[in-house]
Amino acid sequence: MTGTMRRAVFLDRDGVLNRVAVRHGKPYPPTTLAELEILPDVPDALHALRATGLLLIGATNQPDVARGTQQRDVVDAINATLRATLPLDDLLVCYHDDRDGCGCRKPRPGLLLEAAAKHGIDLTASYMIGDRWRDVGAGRNAGCVAIWIDCGYTEPWPDGCAPDHTVSSLAAAAEWIMADAQRRDVAP
């Protein structure tokens, strides 16, 4: 790692930063700005990570835009509120669905690669936190340490997709990342 490269924590949006509605074991994002609720442990966890010098980058799939069941301006308003409220350095969005075949829809690593190029991030010294297999896959595919927040969803995972570490909350993920960074003796 060169002196100019930085470490980052990539964070999924729905289920990591904000509350989701769970129906039949599957999470769904807020459908309006009024439904947006930042999870209680998020601000403190992000401030603790930020204090160690880590960049904080949101990376979210929002396929309901491509599916026609959500308006892009609603997604953008939710993201703007999160950016204004939380200490995020950036928040990147894939508005595509699987059928679009884009490189940015997680589990493909496009959003993380874009952020790395934009912010000078060393992906191998960085972390991806998510609540679904697609987040874990994106982190692994980008070379990051992949941390899964187990929220108890019942959706199946594909074979070969496994997190490097499993936690129950963003606060627990932040604690683990700070300890891991010390263990790996990687300066922020």
Side-chain angles (χ1 to χ4, degrees), residues 1-20 27 29 36-61 78-79 81-93 106-153 157 161-188:
M1 180 169 86
T2 67
T4 59
M5 299 296 283
R6 301 188 65 190
R7 293 185 307 144
V9 176
F10 296 97
L11 303 126
D12 179 48
R13 191 188 86 173
D14 303 313
V16 174
L17 299 177
N18 58 268
R19 191 170 308 285
V20 294
L36 175 64
E37 180 186 345
I38 295 171
L39 293 168
D41 68 336
V42 169
D44 288 345
L46 294 184
H47 286 292
L49 290 168
R50 169 58 66 76
T52 68
L54 292 160
L55 289 173
L56 303 176
I57 311 284
T60 181
N61 286 346
I78 290 169
N79 292 343
T81 299
L82 290 171
R83 291 278 322 262
T85 307
L86 300 172
L88 298 172
D89 294 292
D90 208 345
L91 201 161
L92 303 177
V93 183
K106 297 177 290 182
R108 293 185 183 102
L111 292 176
L112 282 64
L113 298 175
E114 178 185 340
K118 182 177 177 182
H119 297 283
I121 296 168
D122 179 352
L123 291 169
T124 64
S126 296
Y127 303 85
M128 173 70 206
I129 303 172
D131 64 330
R132 300 178 79 182
W133 72 267
R134 288 179 176 276
D135 307 315
V136 168
R140 299 292 299 252
N141 288 331
C144 298
V145 173
I147 302 167
W148 176 47
I149 298 176
D150 183 354
C151 297
Y153 309 143
W157 281 50
C161 184
D164 295 297
H165 191 70
T166 301
V167 295
S168 60
S169 68
L170 184 58
E175 287 177 24
W176 187 86
I177 287 169
M178 290 183 290
D180 183 65
Q182 285 183 329
R183 278 191 301 271
R184 294 182 348 162
D185 197 31
V186 177

How many angstroms lie between CG in L91 and CZ in R83, if you round to the nearest 0.5 Å? 6.5 Å

Is any side-chain heavy atom of L49 closer than 4.5 Å to a side-chain heavy atom of M178? yes

Can you list, pair by pair, the side-chain donor-acceptor contacts under 3.5 Å of residues 109-121, counting residues two or more places apart and other chains?
{"from": "K118", "atom 1": "NZ", "to": "D90", "atom 2": "OD2", "distance (Å)": "2.8"}
{"from": "H119", "atom 1": "NE2", "to": "D90", "atom 2": "OD2", "distance (Å)": "2.9"}

With side chains defined as the heavy atoms from C-beta onward, is the minimum distance between T60 and D12 less than 4.5 Å? yes

Closest non-hydrogen contact found for A181 with R7 is CB-NH1, 3.2 Å

Within the 4.5 Å heavy-atom criterion, are L56 and P87 side-chain neighbours or not? yes

I'd like to check R19 versus P40 (side-chain heavy atoms, cut-off strictly below 4.5 Å). Are they in contact? yes

To the nearest 0.5 Å, tell me how far D89 CG sits from L55 CG. 4.5 Å

To the nearest 0.5 Å, what is the distance between CG (N61) and CG (L92)? 11.5 Å

How close do D131 and W148 get, counting heavy atoms only, and between which atoms? O-NE1, 3.2 Å

Scan for ring pair (Phe, Tyr, Trp, His ring centres under 6.0 Å) pairs involving residues 161-182, sequence neighbours excluded, and state none if there are none. H165-W176

I'd like to know if the side chain of D164 reaches the main chain of I147, judged simply by a donor and an acceptor atom lying under 3.5 Å from each other, with no hydrogens or angles considered. no

Using modelled atom types only, decide if a donor and an acceptor are shared between the side chain of N141 and the backbone of P107 within a distance under 3.5 Å. yes

Do D41 side-chain atoms and A171 backbone N/O form a donor-acceptor pair below 3.5 Å? yes

Less than 4.5 Å apart, any side-chain heavy atom of L170 and any of L11? yes

Report the distance from atom NZ of K106 to atom CE of M128, rounding to the nearest 0.5 Å. 4.0 Å

Over all atoms of both residues, closest heavy-atom pair of G137 and C161: N-SG, 4.0 Å

Partners passing side chain to side chain contact (heavy atoms under 4.5 Å, CB included) against L86 (at least two apart in sequence or in another chain): L17, I38, V42, P43, L46, L82, L88

I'd like to check R13 versus N79 (side-chain heavy atoms, cut-off strictly below 4.5 Å). Are they in contact? yes

Before accepting this row, confirm whether a basic side-chain N of the pair D180/R183 lies closer than 4.0 Å to the acidic partner's carboxylate O. yes

Check G152 against D150 and note the closest heavy-atom contact, atom names and distance. N-OD1, 2.9 Å

Specify the closest pair of heavy atoms between A173 and I129, including all atoms of both residues, with the distance to one decimal. CB-CD1, 3.8 Å

Euclidean distance, L39 CG relative to S169 OG, rounded to 0.5 Å: 9.5 Å

Check against side chain to side chain contact (heavy atoms under 4.5 Å, CB included), I177 and L54: CA-CA 10 Å; I177 287 169; L54 292 160; 4.0 Å; yes

Side chain R140, main chain D135, donor-acceptor under 3.5 Å: no

What closest approach, in Å, do I57 and A8 show between heavy atoms, and which atom pair accounts for it? CG1-CB, 4.4 Å

Would you please test F10 and V16 for side chain to side chain contact (heavy atoms under 4.5 Å, CB included) and show each step? CA-CA 11 Å; F10 296 97; V16 174; over 6 Å; no

